[in-house]
Amino acid sequence: MSQARLPEGDWIRGISVKQPYAAAILTGAKRVENRPRPWALGWVLLHASKAIDQPARRLPLVARTIRDRQLVTGAVLGVARITDCHQDTDRSTPCSEWAHPGAWHLVLDDVQELPLPVPARGQVVPWKPSPDLLRRVFQQLPGFQP
């Protein structure tokens, strides 16, 4: 199967997420990622940070979502599309059981897990992936259409 032609230029960023939350996103259950600042809409590489949030592993919501999943760190694990970025109003019901009050909520759709993790360094802020990293990621998703 031939690889689809990817857009040129600045169309994708990387987002680094601590485990076990990255694994929860890959299951499709966690569609909201919490951030201190707003992010632009569009495609992101889903990167698992090197750190694991050990207390989060014991939260019932997390534990039942990631059951039997390996917590790979320091690698790109998939791609997703940020389709909304908002804050819940003070008196509103949270948009998701994963949403933290006061945080910016990135709504993630079109999550696609890679067959094999691609080792990479991430950053806390949105980061620009190298052309080589993009090549290694999208080599595993030959039918990907942004």
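Between A99 and P94, the shortest heavy-atom distance links the atoms CB-CB, 4.2 Å. When all heavy atoms are compared, the tightest approach of V62 to P20 is CG1-CG, 3.4 Å.
Of the possible polar contacts, one joining the S16 side chain to the Q123 backbone as a donor-acceptor pair under 3.5 Å is found. Formation of a donor-acceptor pair under 3.5 Å by the Q19 side chain with backbone atoms of A51 is not found in this model. Judged by distance alone, the side chain of D110 and the main-chain N or O of R81 form no donor-acceptor pair under 3.5 Å.
Atom CD1 of I15 is separated from atom CZ of R13 by 12.5 Å, given to the nearest 0.5 angstrom. The CZ atom of R35 sits 10.5 Å away from the SG atom of C85 when rounded to the nearest 0.5 Å. Here the OG-CZ distance, from S130 to R135, works out to 9.0 Å after rounding to the nearest 0.5 Å. Interatomic distance, CD of Q87 versus CG of N34, reported as 10.5 Å (0.5 Å rounding).
Two residues are said to be in side-chain contact when any heavy atoms from C-beta on lie closer than 4.5 Å; V79 and V111 fail this criterion. Between D109 and T83 the shortest side-chain heavy-atom distance falls below 4.5 Å. Counting only heavy atoms from C-beta outward, the side chains of L77 and H47 never approach each other to under 4.5 Å. Counting heavy atoms from C-beta on, the side chains of L108 and V32 never come closer than 4.5 Å. Proximity of L61 to E97: side-chain heavy atoms (C-beta onward) are separated by under 4.5 Å at one or more points. At least one side-chain heavy atom of P55 sits under 4.5 Å from a side-chain heavy atom of D53. The closest side-chain heavy-atom distance from I25 to R31 is not below 4.5 Å. Residues S49 and V17 have side chains not in contact (no heavy-atom distance under 4.5 Å, counting atoms from C-beta outward).
Around the CD atom of Q70, the shell of radius 6.0 Å holds no more than 12 heavy atoms that belong to other residues, nucleotides or ligands.
Between W11 and F138, the angle of the ring planes lies from 30° to 60°, which puts this pair in the tilted group.
At a threshold of 4.5 Å between side-chain heavy atoms, the hydrophobic network of Ile, Leu, Val, Met, Phe, Trp and Tyr places L106 and W43 in two separate groups. Using a 4.5 Å cut-off between side-chain heavy atoms of Ile, Leu, Val, Met, Phe, Trp and Tyr, with links allowed through other members, L45 and L71 fall into different hydrophobic clusters. Under the 4.5 Å side-chain heavy-atom criterion for Ile, Leu, Val, Met, Phe, Trp and Tyr, W39 and W127 are members of distinct hydrophobic clusters.
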Requested in this report: Dump the intermediate steps for side-chain contact (heavy atoms from CB on, under 4.5 Å) on L26 and R69, then the final yes or no.
Outcome: CA-CA 10 Å; L26 291 171; R69 278 202 166 249; 4.0 Å; yes

Report task. Check the pair R57 / I52 against side-chain contact (heavy atoms from CB on, under 4.5 Å), numbers first and verdict last. Result -> CA-CA 9 Å; R57 295 177 72 183; I52 294 178; 4.0 Å; yes

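No close placement of the W98 and H105 rings is indicated, their centers lying 6.0 Å or farther apart.
With respect to the salt-bridge test (charged N to carboxylate O, under 4.0 angstrom), the residues D132 and R136 qualify. A salt bridge does not link K18 with E33: none of the charged nitrogens is closer than 4.0 Å to a carboxylate oxygen.
Each of L134, V44, L46, L114 was evaluated against V76; a single residue qualifies, L114, per the side-chain contact (heavy atoms from CB on, under 4.5 Å) test.
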